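Chain letters run A, B, ... following the sequence lines, proteins first, then strands; residues in each count from 1. Being a predicted model, the structure only gives us computed values, none of them experimental.
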Number of protein chains: 2
Amino acid sequence: MKILSRSEELVLLAVWNLQKDAYGVSIRKYIIEKTGVNWSIGAIYVPLDRLTKWKFLTTVTGDPTPERGGRSKRYYKLTPEGLKTLNHLRSVQESMWSTLPDLGWDQSS
Amino acid sequence: MKILSRSEELVLLAVWNLQKDAYGVSIRKYIIEKTGVNWSIGAIYVPLDRLTKWKFLTTVTGDPTPERGGRSKRYYKLTPEGLKTLNHLRSVQESMWSTLPDLGWDQSS
DNA sequence: ATATATTTATTCTATAATCAGAATAAATAG
DNA sequence: CTATTTATTCTGATTATAGAATAAATATAT
């Protein structure tokens, strides 16, 4: 079974967590906030396309909204396959991470 | 702070878990076993070099061993920086994974 | 003994995949 | 009708991957 790349993992988790509001811009914003790292536009849309091609995501085009710049958005939703693949990744990660000593706090600077 | 790529994450975790026996071939074997996926030689050695360049790993060359093909190996060890970066990744992952429903078992086929 | 084969290990390189950000599109506001 | 805002698509440059080539050791055959 496929081991997701980092960007694929982050995109699927963002789609899951954003629920009904998951589209390109909101997904990117969510990932930047959660990771504290700037991800380029391409780093989000390219994996979105790939995950859709693989049937880990489905997509529907929303209606335009009556606000400045409110062009229609492409919304994404996880498929059962996508959820299954995420859970598989989790089980692999858990088996590899279990022996790492927890430093107890995040020492990022 | 850097978010590790998948191959970088797997390599660092393998080095941690293999302890004194962490060198190219054993690292690759460990990752293939744990993930159930074939990783090419390049997919291991390239991130090893990069992680060493970034000072997340240190390396020493061992002595040849008296067995067929027993040429000397390059052993790797995690630095405090490497461990810190791994723990940072863990904290980011935990905050994103916490809301995912656990399917309860790994359904990989 | 020494040349050839075999095994383990790493380095190298062409191809494939990913990323960064410019370009384009589609909406409303002025 | 021009400017501004939000959103997505596109493309050159960078990075990562697959696996061939090379290196360094011991084993084996003549």
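Using a 4.0 Å cut-off, some side-chain N or O of B:Y23 falls inside it from OP1 or OP2 of C:dA9. Here A:Y45 reaches the OP1 or OP2 of D:dT8: one of its side-chain N or O atoms lies under 4.0 Å away. Contact annotation: B:S40 reaches the phosphate of D:dA18 (side-chain N/O to OP1 or OP2, under 4.0 Å). Contact check, B:S7 against D:dT17: a side-chain N or O comes under 4.0 Å of OP1 or OP2. Residue B:R68 places no side-chain N or O under 4.0 Å from the OP1 or OP2 atom of D:dA24. At C:dT24, none of the side-chain N or O atoms of A:R71 fall inside 4.0 Å of OP1 or OP2 (strictly under the cut-off).
Nearest heavy atoms, A:K34 versus B:V92: O-CG1, 4.0 Å. What you find for A:K55 and A:T79 is that their closest heavy atoms are O-OG1, 2.7 Å. Of all heavy-atom pairs between A:A43 and A:S7, the closest is O-CB, 4.1 Å. Scanning all heavy atoms of the two residues, the minimum distance from B:E9 to B:L4 falls at N-CB, 4.2 Å.
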Are A:E8 and B:R6 close enough, and set up right, to give a salt bridge (charged side-chain N to carboxylate O under 4.0 Å, His left out), and what steps lead you there? CA-CA 10 Å; A:E8 289 157 7; B:R6 179 73 56 210; over 6 Å; no

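Taking atom CD1 of A:I27 as the reference point, atom P of D:dT6 lies 18 Å away to the nearest angstrom. Between the NZ atom of B:K73 and the C1' atom of C:dT11 there is a distance of 17 Å, given to the nearest Å. Here the P atom of nucleotide C:dT18 and the CZ atom of B:R6 are 13 Å apart, to the nearest Å. Rounding to whole angstrom units, CD1 of residue B:I41 and C1' of D:dA21 are separated by 10 Å. Per the geometry, CD1 belonging to B:I44 stands 14 Å off C1' belonging to C:dA9, to the nearest Å. Rounded to a whole Å, the CD1 atom of B:I32 is 13 Å from the P atom of D:dT17. The NZ-P distance, from A:K29 to D:dT6, rounds to 12 Å in whole Å. In this structure, A:R28 places its CZ atom 12 Å from P of D:dT8, rounding to the nearest Å.
Within the 4.5 Å cutoff, the side chain of A:H88 has heavy atoms near those of the A:M1 side chain.
Nucleotides of DNA chain C nearest to B:E67 and A:P64 differ in position, and the one nearer the 5' end is that of B:E67. Taking for each of B:S72 and B:V46 the nucleotide of DNA chain D with the nearest heavy atom, the 5'-most of the two is the partner of B:V46. Nearest-nucleotide positions on DNA chain D place A:G24 closer to the 5' end than the other of B:P66 and A:G24. Positionally, the nearest nucleotide of DNA chain C for B:V25 lies more toward the 5' end than for the other of A:P47 and B:V25.
Using five terminal pairs a side, the axes of the helix from C:dA1-D:dT30 to C:dG30-D:dC1 at its two ends make an angle of 20°, given in steps of 10 degrees.
Using a 4.0 Å heavy-atom distance criterion, A:G42 is classed as a base contact.
For B:K2, the NZ atom sits in a packed shell: over 12 heavy atoms of surrounding residues, nucleotides or ligands are nearer than 6.0 Å.
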Tabulate below the donor-acceptor pairs under 3.5 Å that side-chain atoms of residues 11-27 of chain A make, not counting sequence neighbours, or state none.
| from | atom 1 | to | atom 2 | distance (Å) |
| --- | --- | --- | --- | --- |
| A:W16 | NE1 | B:T99 | O | 3.3 |
| A:N17 | OD1 | B:T99 | OG1 | 2.1 |
| A:N17 | ND2 | A:L13 | O | 2.9 |
| A:N17 | ND2 | A:Y30 | OH | 3.1 |
| A:N17 | ND2 | B:M96 | O | 3.3 |
| A:S26 | OG | A:D21 | O | 2.6 |
| A:S26 | OG | A:Y23 | N | 3.1 |
| A:S26 | OG | A:Y23 | O | 3.0 |

